[in-house]
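Provided herewith is a single structure, encoded as structure tokens, for subsequent inquiry.
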Amino acid sequence: MTLKQDSRCYTDVCVNGKWFHHDHCTTKAYMLKGGASSVIELAKMPTTEGELIDLLADTF
């Protein structure tokens, strides 16, 4: 699925049992832990949900 190139949009995905939040048009993702979220700097701005998952999987 192509990510909408709109900074008002976001995607939440589960990778390896961990939930992540990604604000579109950025290279950052946040691990959702129910408290202070860990910031993950992605290698590039993902354009599809599959690419976002691959970038997160490479990090964890």
Hydrogens and angles aside, do His24 and Ser7 bring a side-chain donor and acceptor to less than 3.5 Å of each other?
no
Quick one: pull up CG in Asp58 and CD1 in Ile53 and give me the separation to the nearest 0.5 Å.
12.0 Å
Which residues pass the side chain to side chain donor-acceptor pair (under 3.5 Å) test with Thr59, not counting sequence neighbours?
none
What pairs with Asp54 under side chain to side chain donor-acceptor pair (under 3.5 Å), at least two apart in sequence or on another chain?
none
Establish whether Val15 and Met31 are linked, either directly or via other cluster members, by ILVMFWY side-chain heavy-atom contacts under 4.5 Å.
yes
Not counting sequence neighbours, which residues clear salt bridge (charged side-chain N to carboxylate O under 4.0 Å, His left out) with Asp6? List them please.
Arg8
Taking side chain to side chain donor-acceptor pair (under 3.5 Å) as the test, write out the residues that go with Lys18, two or more places apart.
none
Any idea which heavy atoms bring Phe20 and Ile40 closest together, and the distance?
CE2-CD1, 3.7 Å
Selection residues 21-31 - residue pairs positive for salt bridge (charged side-chain N to carboxylate O under 4.0 Å, His left out), sequence neighbours left out:
Lys28-Glu41
Under the criterion side-chain contact (heavy atoms from CB on, under 4.5 Å), I'd like the reasoning laid out for Thr11 against Glu49: C-alpha separation, chi angles, the key distance, then a yes or no.
CA-CA 8 Å; Thr11 299; Glu49 188 173 304; 4.1 Å; yes
Hydrophobic clustering (ILVMFWY, side-chain heavy atoms < 4.5 Å, transitive) - are Leu42 and Leu3 grouped together?
no
Leu56 and Ala29: which non-hydrogen atoms are nearest, and at how many Å?
CD2-CB, 3.8 Å
Is there a chain of hydrophobic side chains (I, L, V, M, F, W, Y, each step under 4.5 Å between heavy atoms) that links Leu55 to Met45?
no
Over all atoms of both residues, closest heavy-atom pair of Pro46 and His22:
CG-NE2, 3.7 Å
Which pair of non-hydrogen atoms, one from Gln5 and one from Cys25, has the smallest distance, and what is that distance?
C-SG, 3.6 Å
Check side chain to side chain donor-acceptor pair (under 3.5 Å) between Glu51 and all other residues, then give those that pass, not counting sequence neighbours.
Lys44, Thr47
